[in-house]
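Per chain, numbering begins at 1; letters A, B, ... match sequence-line order.
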Amino acid sequence: MQRIEVTGRRSVRRQPVEEFAAALQGRTLGVVGRHGKFLVIALDGSQNEALVIHLRMSGQVRLSASLDGRPKHTHVVLGLGGGSEMRFVDPRTFGELFVDRLDVDGRPVSLQAMGPDALDPRLSAAMLHNRITAGRRSLGLKPALLDQRVLAGVGNLYADEALFAAALRPDRRAASLTARQSVMLHRSLRRILRAAIAARGSSLADAAYVDTLGLPGGYAARHQVYARADHPCPRCATPILRIVVAARGTHFCPSCQT
DNA sequence: AAGCACACCTGCTAGC
DNA sequence: TGCTAGCAGGTGTGCT
């Protein structure tokens with residue numbers, strides 16, 4: 001990158017903007033990876049550093065011709081050369097970008113407290129079971145799934161979908177999970193996350209999520225319970241219930257999820 | 001010390 | 001028609 005523009009006040013907040021820009025100046029974007037909900041883009045020509053991006057609720061990473069008009073709420077622009085640029089667009093300004101060092105495992109050092117990624121092939125059902133149930137007397141199952149220190153990468157929407165697929169109530173105690181139920185949950189989480197990625201994500205009614213080319217994802221059409229309150233349960237036709245768990249809209253079947 | 005409430009923020013929608 | 005209140009949620013912080 002030769003040209004780094006940071007116009008938004010909040011999008012670069014973990015480090016001084018000058019430091020952020022200096023770390024990117026003259027570097028080339030390399031391999032694109034992910035840990036949990038954080039995008040990790042290696043910086044070639046630097047020593048084990050990466051551009052780390054979290055979209056939070058409304059962030060978008062867009063690739064466009066530099067000559068194209070910039071969308072409203074464009075907060076950071078990285079000139080990529082060849083007349084193209086990468087733009088960080090984020091109406092709600094919850095999202096963020098920072099440059100971080102990578103540890104020996106290739107994980108940004110700021111993210112070391114995070115649990116294993118939900119799709120990490122090394123994460124077994126037994127490990128998931130241990131992480132969810134360890135030392136938790138009163139925490140609910142869904143809050144445990146949403147805790148990125150327990151498991152990285154599961155947000156509100158996919159927590160609801162995975163719990164439905166595993167036939168587990170979101171408001172049951174995390175510690176009550178049996179080993180057998182953990183196997184179901186492990187399987188459901190992976191199946192749903194893989195299918196959602198294959199469908200390029202869930203774009204909801206607000207179309208806040210689009211890919212780098214501005215295209216919406218197609219997974220929302222396959223949601224079984226999320227944002228489907230009062231619709232019949234796909235398994236047993238009982239109306240889907242919406243409750244609030246940990247201050248988040250939570251959707252489940254009160255009949256076949258236990 | 002685990003677990004909770006709340007702040008952060010804007011766009012959209014429901015309701016008057 | 002035009003306004004406003006309410007809602008959406010990931011994560012960091014601060015409180016109990």
Partner nucleotide of C:dT1 by Watson-Crick or wobble geometry (both distances under 3.5 Å): none
Would you mind reading off the distance between [X] atom [atom1] and [N] atom [atom2], rounded to a whole angstrom?
X: A:K72; N: B:dT10; atom1: NZ; atom2: P; answer: 10 Å
X: A:Y158; N: C:dG9; atom1: OH; atom2: P; answer: 13 Å
X: A:L139; N: B:dA5; atom1: CG; atom2: P; answer: 12 Å
X: A:Q60; N: B:dC9; atom1: CD; atom2: P; answer: 19 Å
X: A:R10; N: B:dA7; atom1: CZ; atom2: P; answer: 14 Å
X: A:L55; N: B:dT10; atom1: CG; atom2: C1'; answer: 16 Å
X: A:R149; N: B:dA1; atom1: CZ; atom2: C1'; answer: 11 Å

Set of side-chain hydrogen bond (donor to acceptor under 3.5 Å, both in side chains) partners for A:H129, sequence neighbours left out: A:S182
What's touching nucleotides 10-13 of chain C from the protein side, N or O pairs under 3.5 Å?
residue	atom	partner	partner atom	Å
C:dG10	OP1	A:N156	N	3.3
C:dG10	OP2	A:N156	N	3.4
C:dG10	OP2	A:R248	NE	3.3
C:dG10	O3'	A:H54	NE2	3.3
C:dG10	N7	A:R248	NH2	3.3
C:dT11	OP1	A:H54	NE2	2.7
C:dT11	OP2	A:K37	NZ	3.1
C:dT11	O4'	A:R56	NE	3.4
C:dT11	O4	A:R248	NH2	3.4
C:dG12	OP1	A:R14	NH2	3.3

Residues A:D160 and A:K142 bridged, charged N to O under 4.0 Å: yes
CA sep, side-chain torsions, deciding dist, call: A:R122, A:D120, salt bridge (Lys or Arg N to Asp or Glu O under 4.0 Å): CA-CA 5 Å; A:R122 294 167 295 186; A:D120 188 328; 3.0 Å; yes
Test salt bridge (Lys or Arg N to Asp or Glu O under 4.0 Å) applied to A:R222 and A:E161, step by step: CA-CA 10 Å; A:R222 287 157 65 182; A:E161 292 297 315; over 6 Å; no
Parallel, tilted or perpendicular, as decided by the 30° and 60° cut-offs, for the rings of A:Y219 and A:Y158: tilted
Side-chain N or O of A:H73 closer than 4.0 Å to phosphate OP1/OP2 of B:dG11: yes
Sugar-phosphate, base or nothing in reach of A:G249, heavy atoms under 4.0 Å: sugar-phosphate
Main-chain N/O of A:A246 paired with A:R248 side-chain donor or acceptor, under 3.5 Å: yes
